[in-house]
Amino acid sequence: MVRTFNTHNIRKQQELTGKYWDFSPCVGKYAGEHFKVATPCCWESHPKFAGYRGEGEYTTTFKTGGNIRLEFKGISHTAEVWLDGRKIAKHYNAYTIFDAVCTNLSYGEHTLTVRADNRFSEKSALHIPNDYMSYGGVSRPVVLEQISDVYIRNVHVTPYKADGKWKAKIEIYLENTKGNKYGDKDCFKINETENISENNRCVSDGENDIKNSENRSVDVLVKVAGENLILKNIDVEKNNIVKAEMEFDNINEWTQETPELYYIEVKLLRNEKAFDDLIDRFGFREIKASGKEILLNGEKIRIKGVCRHEDHPQFGCALPFAAIAADIELIKDMGANSIRTSHYPNDEIFLDICDEQGILVWEENHARGLSEENMRNPNFEPQAEKVIEEMIPAHYNHPSIYIWGILNECASDTEYGKECYKKQFDIIRKLDTSRPCSFASCKFKTDICFELPDVVSYNIYPLWYHDTEPDEYLDDLYKWVQNETKGVGKPFMITEIGAGGLYGYRNNYDSKWTEEYQAEALRKQLTAVLGYKDCIGVYIWQFCDIRISDEWFGTRPRTMNNKGIVDEFRRKKLAYNVVKEIFNK
């Protein structure tokens with residue numbers, strides 16, 4: 001399953017996953033042997049590879065020819081891709097989309113091989129041993145598309161309200177297969193001896209039945225909410241971004257209570273005949289940081305949220321639609337209205353469901369707990385910045401995303417770290433001015449970066465990592481932000497709070513790690529935070545217990561982060577009903 005709705009009516013699209021592929025580990029006991037695995041998947045879900053760290057090759061075949069585009073929604077955590085034995089792409093990061101375009105491909109059967117790698121090394125600044133698991137595999141869908149000499153790469157819709165009417169700025173990104181790919185910049189350097197073009201294109205032998213037209217101009221037809229707009233004679237050799245603005249009547253706004261969604265359909269035409277299309281979905285809503293509040297369509301929002309990792313004991317990070325939907329139903333039943341993606345961009349299907357269910361999403365790039373030393377890795381800045389450059393264009397239209405986050409608990413207390421934060425916020429604001437941005441800090445009274453974000457956000461753990469009462473700790477922290485930092489007057493929220501609890505572990509002493517202790521700690525924590533008038537909301541750490549890297553923190557019981565409100569199998573702990581009671585007040 002690629003999305004929860006159809007993204008093309010004209011362009012031929014085929015999911016290559018959703019079936020068995022051949023898998024072969026490259027090292028270890030079973031090196032060179034072949035296994036049938038259902039994709040998308042993490043190889044850790046296979047009985048023989050639960051702890052496998054290394055490279056693994058996934059192979060499938062398909063029949064096609066002409067100009068094709070292969071889109072990879074997520075390969076964990078680095079990928080090299082071959083088509084018929086020829087390398088066509090290399091990508092770093094498990095959680096962002098990349099593609100490869102092949103022109104003039106001969107018709108017939110073709111072999112696609114993906115080599116995934118979940119090893120840690122100095123080349124990888126973001127995927128490091130951490131308080132969550134770095135899985136390996138083809139963890140999100142792979143899609144094959146048949147394209148022409150020109151195709152639509154993306155469309156961005158920015159709705160806004162002016163003079164009492166809803167309007168929308170529309171940007172359409174066109175791709176010319178003879179030109180350079182929009183926005184391409186590979187931060188995972190390719191060896192110079194490897195014959196891969198910089199823009200992930202390969203040209204195979206064979207004839208292409210889609211002849212490149214002498215006329216390099218196209219017409220662009222846009223349909224939104226019953227309104228049509230046609231843009232004539234767009235020269236695709238000179239202009240790959242087409243901009244327009246539209247005005248609408250009788251619009252239903254996207255709100256959390258009534259999450260109304262609209263489709264935008266863009267078609268490319270020559271001689272009045274459509275040859276390519278792209279359909280996406282958005283909502284008419286505005287998000288603004290105003291004073292100490294965040295406003296949704298002019299109304300204050302109150303965040304009652306949970307942090308959620310993509311992690312499941314059966315599926316690893318490759319959760320299927322039904323498992324994602326079940327998570328969101330549990331979260332809604334708990335009374336939560338928002339989810340923070342911890343600590344990386346999430347699957348598009350998750351975002352689609354949040355759009356449909358009216359769940360606000362804090363989505364962030366991929367970095368957790370990095371010290372200044374970690375951030376001085378020469379690969380850190382290009383890799384972290386590339387995640388932002390891939391995340392925002394891919395997820396721009398999701399109305400559920402109300403804030404972009406970066407660099408969870410990194411070196412925001414150092415001057416070098418501050419430079420990194422500034423560069424990343426600059427990239428976000430270049431790509432998207434319609435949403436506020438923030439970062440989750442854990443630097444108690446030492447953070448020096450609060451002039452940079454629109455929202456000040458803190459991770460705090462009173463009654464867990466220290467015994468301070470939550471109301472005292474929060475008040476002390478907030479007054480410091482207002483009186484001694486450049487975060488004064490900005491919206492303020494708590495992005496992590498919680499305590500550990502082992503499912504089924506109870507005693508009469510309410511000692512740490514019991515369900516009783518966790519439930520009571522959360523009661524005090526949430527009561528303090530939601531009762532604090534200058535705090536706009538809270539995210540509980542976390543929704544469910546998750547597996548962590550064996551290499552990271554061996555003292556965590558069960559090699560798990562056990563602060564979930566439910567355990568890894570989604571069984572409710574005592575804390576669940578406590579949270580439900582407080583969130584539903």
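Small disclaimer: the values here were computed from a predicted structure and weren't measured.
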Review point. Looking at Phe543, Trp541, Tyr135, which one forms a ring-ring contact (aromatic ring centres under 6.0 Å, His included) with His309?
Key: Trp541
Geometric class of the [Y]/[X] ring pair [parallel <30°, tilted 30-60°, perpendicular >60°]:
X: Phe49; Y: Tyr52; value: perpendicular
X: His127; Y: Tyr95; value: parallel
X: Phe5; Y: Tyr263; value: perpendicular
X: Tyr465; Y: Tyr461; value: perpendicular

Ignoring hydrogens and angles, tell me if any N or O in the side chain of [X] forms a donor-acceptor pair with the backbone of [Y] under 3.5 Å.
X: Asn365; Y: Leu407; value: yes
X: Thr61; Y: Thr111; value: no
X: Lys304; Y: Gly537; value: no
X: Arg340; Y: Thr495; value: yes
X: Ser338; Y: Leu360; value: yes
X: Glu364; Y: Asn408; value: no
X: Gln383; Y: Ala125; value: yes
X: Glu515; Y: Gly504; value: yes

Point to revise | Flag for Glu33-Ser24: side-chain donor and acceptor within less than 3.5 Å | key: no
Check your understanding: So, Thr39 and Tyr58: side-chain donor and acceptor under 3.5 Å apart, yes or no?
Key ->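 Side chains of Thr39 and Tyr58: no pair found under 3.5 Å.
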With a 4.5 Å heavy-atom cut-off, do [X] and [Y] have their side chains touching?
X: Gln357; Y: Pro259; answer: no
X: Ile339; Y: Phe350; answer: yes
X: Asp280; Y: Val157; answer: no
X: Tyr576; Y: Leu330; answer: yes
X: Arg435; Y: Ile403; answer: no
X: Thr64; Y: Gln146; answer: yes
X: Lys12; Y: Glu145; answer: no
X: Arg53; Y: Ser134; answer: yes

Under-4.0 Å salt bridge between [X] and [Y]:
X: Glu57; Y: Arg115; answer: yes
X: Arg570; Y: Glu329; answer: no
X: Asp311; Y: Arg547; answer: no

Considering non-hydrogen atoms only, spot the tightest contact between [X] and [Y] and give its length.
X: Pro436; Y: Val455; result: CB-CG2, 4.4 Å
X: Asp355; Y: Ser400; result: OD1-OG, 2.6 Å
X: Pro453; Y: Ser438; result: CB-CA, 3.7 Å
X: Ile494; Y: Ile497; result: CG2-CB, 4.1 Å
X: Asp333; Y: Asn584; result: O-ND2, 4.1 Å
X: Cys42; Y: Phe315; result: SG-O, 3.6 Å

Review point. So with a 6.0 Å cut-off around NZ of Lys19, is the heavy-atom count from everything else above 12?
Key: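 Counting other residues, nucleotides and ligands, NZ of Lys19 exceeds 12 neighbours.
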Review point. With a cut-off of 6.0 Å (strictly less than), are more than 12 heavy atoms of other residues, nucleotides or ligands near CD of Glu122?
Key: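 Counting neighbours around CD of Glu122, 12 or fewer heavy atoms of other residues, nucleotides or ligands fall under 6.0 Å, so no.
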Check your understanding: Out of Ile546, Ile548, Asn561, which residue meets the side chain to side chain contact (heavy atoms under 4.5 Å, CB included) rule with Tyr132?
Key -> Ile546
Review point. Would Glu568 and Cys544 count as a side chain to side chain contact (heavy atoms under 4.5 Å, CB included) if you check the C-alpha gap in whole Å, the side-chain angles of each, and the deciding distance to 0.1 Å?
Key: CA-CA 6 Å; Glu568 65 270 28; Cys544 68; 5.9 Å; no
Point to revise | Residue of the set Arg558, Lys572, Arg571 for which salt bridge (Lys or Arg N to Asp or Glu O under 4.0 Å) holds with Asp545 | key: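 Single pass found, and it is Arg558.
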**Study point:** Test salt bridge (Lys or Arg N to Asp or Glu O under 4.0 Å) applied to Lys73 and Glu348, Glu15, Glu390, the passing residue
**Key:** Glu348
Exercise for review: Take Asp277 and Asn9 through the side-chain hydrogen bond (donor to acceptor under 3.5 Å, both in side chains) test and state the conclusion after the steps.
Suggested key: CA-CA 7 Å; Asp277 71 335; Asn9 287 326; 4.7 Å; no
Practice item. Go through the steps for Ser511 and Tyr517 under the test side-chain hydrogen bond (donor to acceptor under 3.5 Å, both in side chains), then give the verdict. Key: CA-CA 6 Å; Ser511 51; Tyr517 184 91; over 6 Å; no
Exercise for review: Begin with the C-alpha distance, continue with both residues' side-chain angles, and end with the deciding distance and a verdict on side chain to side chain contact (heavy atoms under 4.5 Å, CB included) for Ile324 and Glu310.
Suggested key: CA-CA 9 Å; Ile324 297 170; Glu310 292 181 323; 5.8 Å; no
Exercise for review: Mind running side chain to side chain contact (heavy atoms under 4.5 Å, CB included) on Trp464 and Lys512 for me, showing each step along the way?
Suggested key: CA-CA 8 Å; Trp464 186 250; Lys512 280 192 174 182; 3.9 Å; yes
Exercise for review: May I have the step-by-step check of side-chain hydrogen bond (donor to acceptor under 3.5 Å, both in side chains) for His77 and Asn118, ending in yes or no?
Suggested key: CA-CA 5 Å; His77 58 237; Asn118 71 344; over 6 Å; no
Exercise for review: Kindly confirm or rule out a cation-pi arrangement of Lys36 over Trp21, judged by NZ or CZ under 6.0 Å from the six-membered ring centre and within 45° of its axis?
Suggested key: no
Check your understanding: What do the steps show when you test Trp43 against Phe23 for ring pair (Phe, Tyr, Trp, His ring centres under 6.0 Å), and what is the final call?
Key -> CA-CA 9 Å; Trp43 58 55; Phe23 171 71; 5.7 Å; yes
Review point. Does the pair Arg281 and Glu356 meet the rule for a salt bridge (charged side-chain N to carboxylate O under 4.0 Å, His left out), with working shown?
Key: CA-CA 10 Å; Arg281 203 170 61 175; Glu356 296 167 11; 3.0 Å; yes
Check your understanding: Do Trp513 and Asn562 pass the side-chain hydrogen bond (donor to acceptor under 3.5 Å, both in side chains) test, and can you show the C-alpha distance, the side-chain angles, and the key distance before you say yes or no?
Key -> CA-CA 8 Å; Trp513 296 112; Asn562 300 284; over 6 Å; no
**Study point:** Worked check of side chain to side chain contact (heavy atoms under 4.5 Å, CB included) between Gln424 and Ile388
**Key:** CA-CA 8 Å; Gln424 293 190 29; Ile388 297 170; 3.6 Å; yes
**Study point:** Worked verdict on Asp117 versus Arg119 for salt bridge (charged side-chain N to carboxylate O under 4.0 Å, His left out)
**Key:** CA-CA 6 Å; Asp117 187 350; Arg119 291 175 298 177; 2.8 Å; yes
Practice item. Carefully, step by step, assess His91 and Phe72 under the rule ring pair (Phe, Tyr, Trp, His ring centres under 6.0 Å). Key: CA-CA 10 Å; His91 182 259; Phe72 304 86; 9.1 Å; no
